[in-house]
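Numbering of residues begins at 1 and proceeds along the displayed sequence.
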Amino acid sequence: MGLTGSGKSNFINKLTGSKEESRANGLKSCTQDIREFIVDLPVGKRYMFVDTPGFDNTYRSDRDILRTIADWLGAKYRAGLKLTGVIYTHRISDNCTTRQACKSLDLFSQLCGDEAAQCIRLVTTMWDNQKPENAAIWQRRVSQLEGNLWNPLISLGARHEPFFNTQESAWNIVNGLVQAHWELGKASAGHALLIQEEMVDAQKTLNETSAGRMFYPQLQNVLSGQKGMLKDLADALAEKDLNVAEQLRAEYRKAEAERRREIEDMERMKIPLGRQIAVFFGGRKTHSRKIELNFTPGDLDYRSCGITEDDHVILYVAAYFLIH
């Protein structure tokens, strides 16, 4: 879960001692499906680390990625397995947040729910690439993340942990999660995420869950973009700027193809009225509630990062599900 490119597979490789077979390079996605890694320790403990494909995937839609993750979570929950923790990674080397990063964090929050917040670790990566002259800037970024982007999660019990790209650092984070798990009295029970309670206990379909409903506004965003393009196209034609007009036509054709895909997805996800009534009156209630995030891509101050708005880059995020 999360955006592509944050190095989530590298985190698991450090835990397991595996060599990295491949890595997300730039915006190309590495992990395309759920991957489970079993680690047996000499002290008799067994861990399952789960690597998930990232959102903003090169080859698959966010809806498809969410369905893959939700199906895996649902299957484990039905089998009686719950989570010890969820690790959500953020590249500290990224200057600022973006709209896609906000969307991914919101989706992550709706999937987890408030009851599972205490088992979330917000892990910053890329600290091994820090230069001495950037130390103060990177520490300010941590303060900004904790005070703005991550504040709703932290206020519910999530914690921030730095990852220094070593096996010791990775295991310190995991062991801290396991220790907190015992202190919370969850040694035998584990944590259920909101989407697991919704799909299994309340018997909702994916599009009826808090995370699934997040995709409905996307069609409106596409339509708004098309409206703006049509206005720009009309202005370009009025000014007889044929080069700009042709570029706008190409962009509009791409937006139209996206609009058609959105409509097809909406039709597949549409909830019949009878089903809505049945879920409202007959469905079981969940223990967890969705987490409300109140921020925009501009919430982090570009100037305090030491850069200008034009210099911002994509924030890569990802998550791992850990079963102890």
Taking the side chain from N175 and the backbone from W171, do they hold a donor-acceptor pair closer than 3.5 Å?
-> yes

Looking only at non-hydrogen atoms, find the nearest pair between F49 and T16 and report the distance.
-> CD1-CG2, 4.4 Å

Any side-chain heavy-atom pair from V39 and L15 closer than 4.5 angstrom?
-> no

Which atoms form the tightest heavy-atom contact between E198 and T209, and what is the distance?
-> OE1-CB, 3.1 Å

R159 side, atom CZ; E146 side, atom CD - distance, nearest 0.5 Å | 12.5 Å

One should read off an interatomic distance between Q179 CD and N172 CG, to the nearest 0.5 angstrom, of 12.5 Å

Do I87 and L177 touch side chain to side chain, with heavy atoms closer than 4.5 Å?
-> yes

Side-chain heavy atoms of I137 within contact of R140, under 4.5 Å = yes

Closest heavy-atom contact between K103 and M214?
-> O-CE, 3.9 Å

Can you sort out the partners of Q139 under side chain to side chain contact (heavy atoms under 4.5 Å, CB included), two or more places apart, ordered by chain and number?
-> W127

Value rounded to 0.5 Å, distance of CG in L242 from CD in Q247 | 11.5 Å

Less than 4.5 Å apart, any side-chain heavy atom of Y88 and any of L105?
-> yes

Could you walk me through whether I195 and L206 pass side-chain contact (heavy atoms from CB on, under 4.5 Å), step by step?
-> CA-CA 8 Å; I195 198 169; L206 179 61; 3.9 Å; yes

In sequence, state the C-alpha distance, the side-chain angles, and the governing distance for K14 and N165, and then conclude on side-chain contact (heavy atoms from CB on, under 4.5 Å).
-> CA-CA 7 Å; K14 293 298 181 183; N165 200 29; 3.2 Å; yes

Apply side-chain contact (heavy atoms from CB on, under 4.5 Å) to L122 and L145, showing your working.
-> CA-CA 10 Å; L122 305 165; L145 287 167; over 6 Å; no

Taking the inter-plane angle between the rings of H160 and W150 on a 0 to 90° scale, is it parallel (under 30°), tilted (30 to 60°) or perpendicular (over 60°)?
-> tilted

Quick one: pull up OG in S109 and CG in D114 and give me the separation to the nearest 0.5 Å.
-> 11.0 Å

How many angstroms lie between CZ in R35 and CH2 in W72, if you round to the nearest 0.5 Å?
-> 14.0 Å

In short, S210 meets L194 closest at the heavy-atom pair OG-CD2, 3.8 Å

Will you find, in the side chains of Q110 and D106, an N or O donor that is under 3.5 Å from an N or O acceptor?
-> yes

For P53 and I69, work out which heavy atoms get closest and say how close.
-> O-CD1, 4.3 Å

Yes or no on side-chain contact (heavy atoms from CB on, under 4.5 Å) for F163 and T89, after CA distance, side-chain angles and deciding distance?
-> CA-CA 9 Å; F163 170 54; T89 64; over 6 Å; no

Side chain of E36, backbone of M48: donor and acceptor closer than 3.5 Å?
-> no

Would you say the side chain of L156 lies within less than 4.5 Å of the side chain of I120, judging by non-hydrogen atoms?
-> no

When every non-hydrogen atom of L193 is compared with those of A116, the smallest separation belongs to CD2-CB, 3.5 Å

Taking atom CZ of R121 as the centre, report whether more than 12 heavy atoms of other residues, nucleotides or ligands fall under 6.0 Å from it.
-> yes

Can you find a heavy atom in the side chain of D201 that is under 4.5 Å from one in the side chain of Y77?
-> yes

Hey, does the side chain of Q196 reach the backbone of L73 with a donor-acceptor pair shorter than 3.5 angstrom?
-> yes

Rounded to the nearest 0.5 Å, how far does OG of S169 lie from CG of D128?
-> 9.5 Å

Do the non-hydrogen side-chain atoms of T125 and F11 ever get within less than 4.5 Å of each other?
-> no

Name the one of I92, T124, D94 that satisfies side-chain contact (heavy atoms from CB on, under 4.5 Å) with R141?
-> I92

Does CD belonging to E133 count more than 12 external heavy atoms closer than 6.0 Å?
-> yes

